[in-house]
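Just so it is clear, the values below take in all heavy atoms, side chains as well, and ignore hydrogens, waters and symmetry mates.
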Amino acid sequence: MNVKAKRITTIAMLCALAYVVMAVGRVPVVLFLKYDPKDVVITLGGLIWGPMTACLVSVLVSVLEMFTVSDTGILGCIMNILSTCAFACTASAIYRKKRTLAGAVAGLAAGCAVMVSAMLLWNYLITPLYMGYPREAVAELLLPAFLPFNLLKSGLNSGITFLLYKPVVSSLRKSGLIDAPSGPAARRPVGLLLLAAVLVATCVLILLARNGLL
């Protein structure tokens, strides 16, 4: 398979997987805000194939979501793209420059910070346009609603991405979709994996509690 065909196949695979997990994994959190795990798939794609892949998949999946399951129209699509790119492209751009454990952790942490900050701004600017809320009312919701939601979303995405990255990469190498490393295998960061697992478990419990399931 040549490079161009492999890239098209990769993007199609990521788009399909991201769309499926979005469609089946949407969980209401607060107000009109819902969590879905598509950013995990897109971020994994970005970490493996680069930030441009993450950006392209984000746009394609968000547009497809707009025409199928979303009821927020073009503005909701724009917000989806902004949120996903802020997280996935930031994380993958940093990791591309420093392909180490420290680079991955720094990338995911930076992705969380950029996404949370960006979405506070964009929710303030765009939410009044498609929800019909006065801007003053949206401003009052930034800290009690939008900030916790985006912290929860970015924390959950970071933890799941960190836990899945190694097994996903190993599977892709076995299937020949990415090249095997030439150097010695890195040791598994047990402490960080446990921390990521605790972060994911905490976020899941918060989601369950918010939906009255605990």
Side-chain angles (χ1 to χ4, degrees), residues 1-27 35-62 64-65 83-85 87-112 115 153-204 207:
M1 185 183 294
N2 62 42
V3 175
K4 185 175 181 180
K6 184 181 289 189
R7 180 170 177 78
I8 293 173
T9 301
T10 298
I11 291 172
M13 175 186 69
L14 288 172
C15 287
L17 184 56
Y19 181 83
V20 168
V21 299
M22 175 277 300
V24 302
R26 289 156 64 91
V27 180
Y35 172 79
D36 69 70
K38 71 174 180 292
D39 286 4
V40 173
V41 176
I42 296 171
T43 305
L44 285 169
L47 294 176
I48 297 168
W49 289 287
M52 288 305 299
T53 295
C55 181
L56 181 57
V57 174
S58 172
V59 172
L60 292 174
V61 174
S62 295
L64 186 58
E65 180 180 350
S83 175
T84 301
C85 286
F87 178 72
C89 294
T90 300
S92 53
I94 292 175
Y95 185 62
R96 189 171 192 177
K97 294 291 185 181
K98 189 177 183 182
R99 300 189 72 86
T100 62
L101 176 61
V105 173
L108 291 171
C112 290
M115 192 203 86
K153 179 179 178 180
S154 61
L156 193 52
N157 287 337
S158 295
I160 298 175
T161 299
F162 192 82
L163 291 173
L164 290 182
Y165 178 76
K166 187 67 175 179
V168 168
V169 168
S170 297
S171 297
L172 290 173
R173 283 172 179 157
K174 290 178 182 178
S175 66
L177 288 174
I178 60 175
D179 297 331
S182 55
R187 296 177 60 185
R188 291 177 64 81
V190 177
L192 286 173
L193 289 171
L194 288 175
L195 180 61
V198 170
L199 177 61
V200 170
T202 302
C203 293
V204 169
L207 283 174

Ignoring hydrogens, what is the shortest heavy-atom contact between [X] and [Y]? Give both atom names and the distance.
X: K153; Y: S83; answer: NZ-OG, 3.1 Å
X: A196; Y: F162; answer: CB-CD2, 3.9 Å
X: V61; Y: A18; answer: CG2-CB, 3.9 Å
X: S92; Y: L47; answer: CB-N, 3.7 Å
X: G155; Y: C112; answer: N-SG, 4.4 Å

Item to check | Residue pair L194 / V198, side-chain heavy-atom distance below 4.5 Å | outcome: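 Answer no - side chains too far apart.
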
Checklist entry - Are any of the side-chain heavy atoms of I11 and L60 separated by less than 4.5 Å? => result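 The answer is yes; the side chains approach within 4.5 Å.
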
Next on the checklist: One pair to check against side-chain contact (heavy atoms from CB on, under 4.5 Å): L156 and L207. What are the steps and the verdict?
Outcome noted: CA-CA 10 Å; L156 193 52; L207 283 174; 3.7 Å; yes

Checklist entry - Taking only residues at least two apart or on different chains, which pairs with a member in residues 46-55 satisfy side chain to side chain donor-acceptor pair (under 3.5 Å)? => result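 Side chain to side chain donor-acceptor pair (under 3.5 Å) check on residues 46-55 returns R7-T53.
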
Next on the checklist: Working to the nearest 0.5 angstrom, can you tell me the gap between S58 OG and L14 CG?
Outcome noted: 12.0 Å

Please report, to 0.1 Å, the donor-acceptor pairs under 3.5 Å made by any side chain of residues 37-45, with sequence neighbours excluded.
from: K38; atom 1: NZ; to: D36; atom 2: OD2; distance (Å): 3.4
from: D39; atom 1: OD1; to: T84; atom 2: OG1; distance (Å): 2.7
from: T43; atom 1: OG1; to: D39; atom 2: O; distance (Å): 2.6

Checklist outcome for this item: Sorted by chain and residue number, the ring pair (Phe, Tyr, Trp, His ring centres under 6.0 Å) partners of Y95 (sequence neighbours excluded) come out as Y165

